[in-house]
Engineer: 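Take this structure, written in structure tokens, and hold onto it; I'll ask about it next.
Numbered from 1 within each chain, the chains take letters A, B, ... in sequence-line order.
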Number of protein chains: 2
Amino acid sequence: MTDSQEPLIQIGKLAKQLAITTRTIRYYEEIGLMGPSKRLSGCARSYNQDDVLRLKFILKLKELGISLKEMLDLAESFDTHNQDFDTITPRVLEILDLHIGKVDDKIAKLASLRSVIVNYRSRISELLQSQSTA
Amino acid sequence: MTDSQEPLIQIGKLAKQLAITTRTIRYYEEIGLMGPSKRLSGCARSYNQDDVLRLKFILKLKELGISLKEMLDLAESFDTHNQDFDTITPRVLEILDLHIGKVDDKIAKLASLRSVIVNYRSRISELLQSQSTA
DNA sequence: CATATGCCTTCCCTTTACGTAAACTTACTC
DNA sequence: GAGTAAGTTTACGTAAAGGGAAGGCATATG
Ligand SMILES: [Zn+2]
Ligand SMILES: [Zn+2]
Ligand SMILES: [Zn+2]
Ligand SMILES: [Zn+2]
């Protein structure tokens with residue numbers, strides 16, 4: 001959709017808009033997550049609506065705990081201009097499922113940790129009791 | 001209990017026993033998690049039963065996701081031999097309570113993260129459905 | 001013109017939990 | 001006495017995700 005005469009935005013504004021730093025945006029480009037950005041006359045990076053959507057998608061996945069490296073595996077699915085959902089989203093679903101599993105594992109481990117700490121706490125507490133009453 | 005004539009074990013054997021590397025054990029000593037180890041004649045590190053228990057406890061907590069830095073906060077509570085509970089345990093209880101709180105926070109955050117991922121997943125899944133039926 | 005932004009690139013810094021030599025002792029064994 | 005195995009210290013390397021500073025263009029404005 002956003003191909004020829006669309007509004008272009010510069011890196012500083014984009015960063016502020018998404019509450020990240022310009023360094024982060026350049027870094028994503030550096031590792032190939034954002035693709036080489038088009039430059040204005042003075043070499044300044046410019047972003048169109050597709051780019052913004054892509055970056056928003058990256059941030060969304062990051063928020064969900066997906067690593068940048070994992071996103072690189074998914075690189076094709078970041079093309080918001082491509083509407084071929086049949087081939088693209090199944091992989092995203094796979095990765096999301098994998099992450100749900102990981103999160104479940106972490107929750108289980110933390111719950112177990114909690115009971116370990118609580119047990120330890122009560123053992124010490126008991127010792128303290130018997131000490132003060134002796 | 002394990003004070004004078006107890007079996008001493010060397011670093012290589014201990015590492016193999018716990019399925020870690022000697023580097024890991026030395027590293028824990030280096031950052032102060034394990035305390036300076038007693039040496040044999042030839043400067044070789046030796047470990048008694050208390051040391052082994054301490055290391056096992058460290059590995060247990062690590063397995064549960066506690067960072068080495070966090071363990072350093074809990075350092076005093078690792079002394080399985082110290083019986084001076086009057087002065088020590090109140091502080092330990094404080095620290096443990098604090099960590100129980102932290103763990104609860106982490107659990108809550110992960111639970112919320114999980115639902116976010118699940119929601120996102122189902123939105124994508126729906127897109128896929130409507131695509132294939134169209 | 002001078003100053004102030006905003007952008008550019010390059011490069012080193014940071015944290016965590018070790019891995020991996022390099023160079024050397026000590027001990028056991030043939 | 002040479003070899004092998006296990007120990008020692010010192011010290012540089014690694015991944016992840018950027019942070020932050022140095023030094024240099026370009027533009028806007030008083
Ligand atoms: Zn477009
Ligand atoms: Zn992952
Ligand atoms: Zn003892
Ligand atoms: Zn904690």
Side-chain angles (χ1 to χ4, degrees), chain A residues 8-48 51-52 54-75 78 95 99 102 106 109, chain B residues 7-48 51-52 54-75 78 102 106:
Chain A
L8 295 179
I9 189 176
Q10 242 165 306
I11 194 169
K13 213 162 189 176
L14 179 55
K16 191 162 291 177
Q17 196 180 94
L18 301 183
I20 58 181
T21 69
T22 61
R23 174 68 171 106
T24 296
I25 299 178
R26 290 197 197 97
Y27 178 64
Y28 290 171
E29 179 179 335
E30 186 184 328
I31 66 174
L33 252 188
M34 276 299 286
S37 48
K38 306 99 201 171
R39 304 307 181 93
L40 296 179
S41 49
C43 273
R45 288 171 175 81
S46 71
Y47 302 93
N48 67 14
D51 300 327
V52 173
R54 186 189 180 100
L55 183 49
K56 277 186 181 173
F57 190 41
I58 291 173
L59 294 177
K60 182 74 183 175
L61 291 189
K62 202 193 91 174
E63 192 188 328
L64 298 181
I66 293 177
S67 75
L68 303 187
K69 196 192 245 177
E70 278 177 314
M71 293 185 207
L72 283 173
D73 294 345
L74 277 174
F78 285 90
I95 293 205
H99 271 263
K102 279 188 187 174
K106 277 190 189 173
K109 281 191 176 180
Chain B
L8 294 181
I9 187 175
Q10 238 163 311
I11 194 167
K13 212 162 189 176
L14 179 54
K16 192 161 290 180
Q17 196 178 101
L18 302 184
I20 58 180
T21 69
T22 61
R23 174 65 170 109
T24 296
I25 298 178
R26 290 197 196 95
Y27 178 66
Y28 290 170
E29 179 179 336
E30 185 184 329
I31 65 174
L33 251 187
M34 276 299 286
S37 48
K38 306 99 200 168
R39 303 307 181 94
L40 298 178
S41 48
C43 274
R45 288 170 174 81
S46 72
Y47 302 94
N48 67 15
D51 300 327
V52 174
R54 185 189 180 102
L55 183 49
K56 277 186 181 173
F57 190 42
I58 290 173
L59 295 177
K60 179 78 181 175
L61 292 190
K62 202 193 89 172
E63 189 188 333
L64 297 178
I66 296 240
S67 75
L68 302 186
K69 197 192 245 177
E70 274 178 316
M71 294 185 206
L72 283 173
D73 294 344
L74 278 172
F78 284 93
K102 277 190 188 175
K106 278 188 186 172

Engineer: Take atom CG of A:Leu68 and atom P of D:dA16, then tell me their distance rounded to the nearest Å.
Structural biologist: 9 Å

Engineer: Please give, in whole Å, the distance from D:dT8 P to B:Glu30 CD?
Structural biologist: 13 Å

Engineer: Mind calculating the distance between OH (A:Tyr47) and C1' (C:dG6) to the nearest angstrom?
Structural biologist: 13 Å

Engineer: B:Tyr27 has a side chain; which of C:dC18, D:dA17, C:dC11 sits nearest to it?
Structural biologist: C:dC18

Engineer: Around A:Lys16, counting heavy atoms of other residues, nucleotides and ligands shown, do more than 12 lie under 6.0 Å from its NZ?
Structural biologist: no

Engineer: May I ask you to verify if any side-chain N or O of A:Thr21 is less than 4.0 angstrom from the OP1 or OP2 atom of D:dG19?
Structural biologist: yes

Engineer: Between B:Ser46 and B:Gln10, is any side-chain donor less than 3.5 angstrom from a side-chain acceptor?
Structural biologist: no

Engineer: Take a 6.0 Å sphere around NZ of B:Lys38 and say whether it holds more than 12 heavy atoms from other residues, nucleotides or ligands.
Structural biologist: yes

Engineer: Over how many whole Å does the gap from B:Lys16 atom NZ to D:dG7 atom P extend?
Structural biologist: 9 Å

Engineer: Given D:dG18, C:dA17, C:dC18, identify the nucleotide with an atom nearest to the side chain of A:Lys62.
Structural biologist: D:dG18

Engineer: Nearest whole Å is fine: how far is D:dA16 P from A:Glu70 CD?
Structural biologist: 10 Å

Engineer: Base, sugar-phosphate alone, or nothing: which one does B:Ser67 contact when heavy atoms must sit under 4.0 Å apart?
Structural biologist: sugar-phosphate

Engineer: OP1 or OP2 of D:dA15 sitting under 4.0 Å from any side-chain N/O of A:Lys69?
Structural biologist: no

Engineer: Any idea which of C:dA17, D:dG19, D:dT9 is nearest the B:Arg26 side chain?
Structural biologist: D:dT9

Engineer: Compare the minimum distances between each of C:dG19, C:dC8, D:dG18 and the side chain of A:Tyr28, then state the nucleotide with the smallest one.
Structural biologist: D:dG18

Engineer: Ignoring the backbone of B:Gln10, work out which of D:dG20, C:dC7, D:dG7 is nearest its side chain.
Structural biologist: D:dG7

Engineer: Give a yes or no on whether a salt bridge exists between A:Glu30 and A:Arg23, defined as a side-chain N under 4.0 angstrom from a carboxylate O.
Structural biologist: yes

Engineer: From CZ of A:Arg39 over to C1' of C:dT9, roughly how many Å is that when rounded to an integer?
Structural biologist: 10 Å

Engineer: On DNA chain D, does the nearest nucleotide to B:Arg23 precede the nearest nucleotide to B:Lys13 from the 5' side, or the other way round? Give the residue.
Structural biologist: B:Lys13

Engineer: If you take all heavy atoms of B:Asp51 and B:Met34, which pair is closest and at what distance?
Structural biologist: O-CE, 3.6 Å

Engineer: Can you tell me the distance, in whole Å, between the CZ atom of B:Arg45 and the C1' atom of C:dT26?
Structural biologist: 15 Å

Engineer: Rounded to whole angstrom units, what separation is found between the CD1 atom of A:Ile66 and the P atom of D:dA16?
Structural biologist: 15 Å

Engineer: Categorize A:Ile11 for me: base, sugar-phosphate, or nothing, with a 4.0 angstrom heavy-atom threshold over every strand shown.
Structural biologist: sugar-phosphate

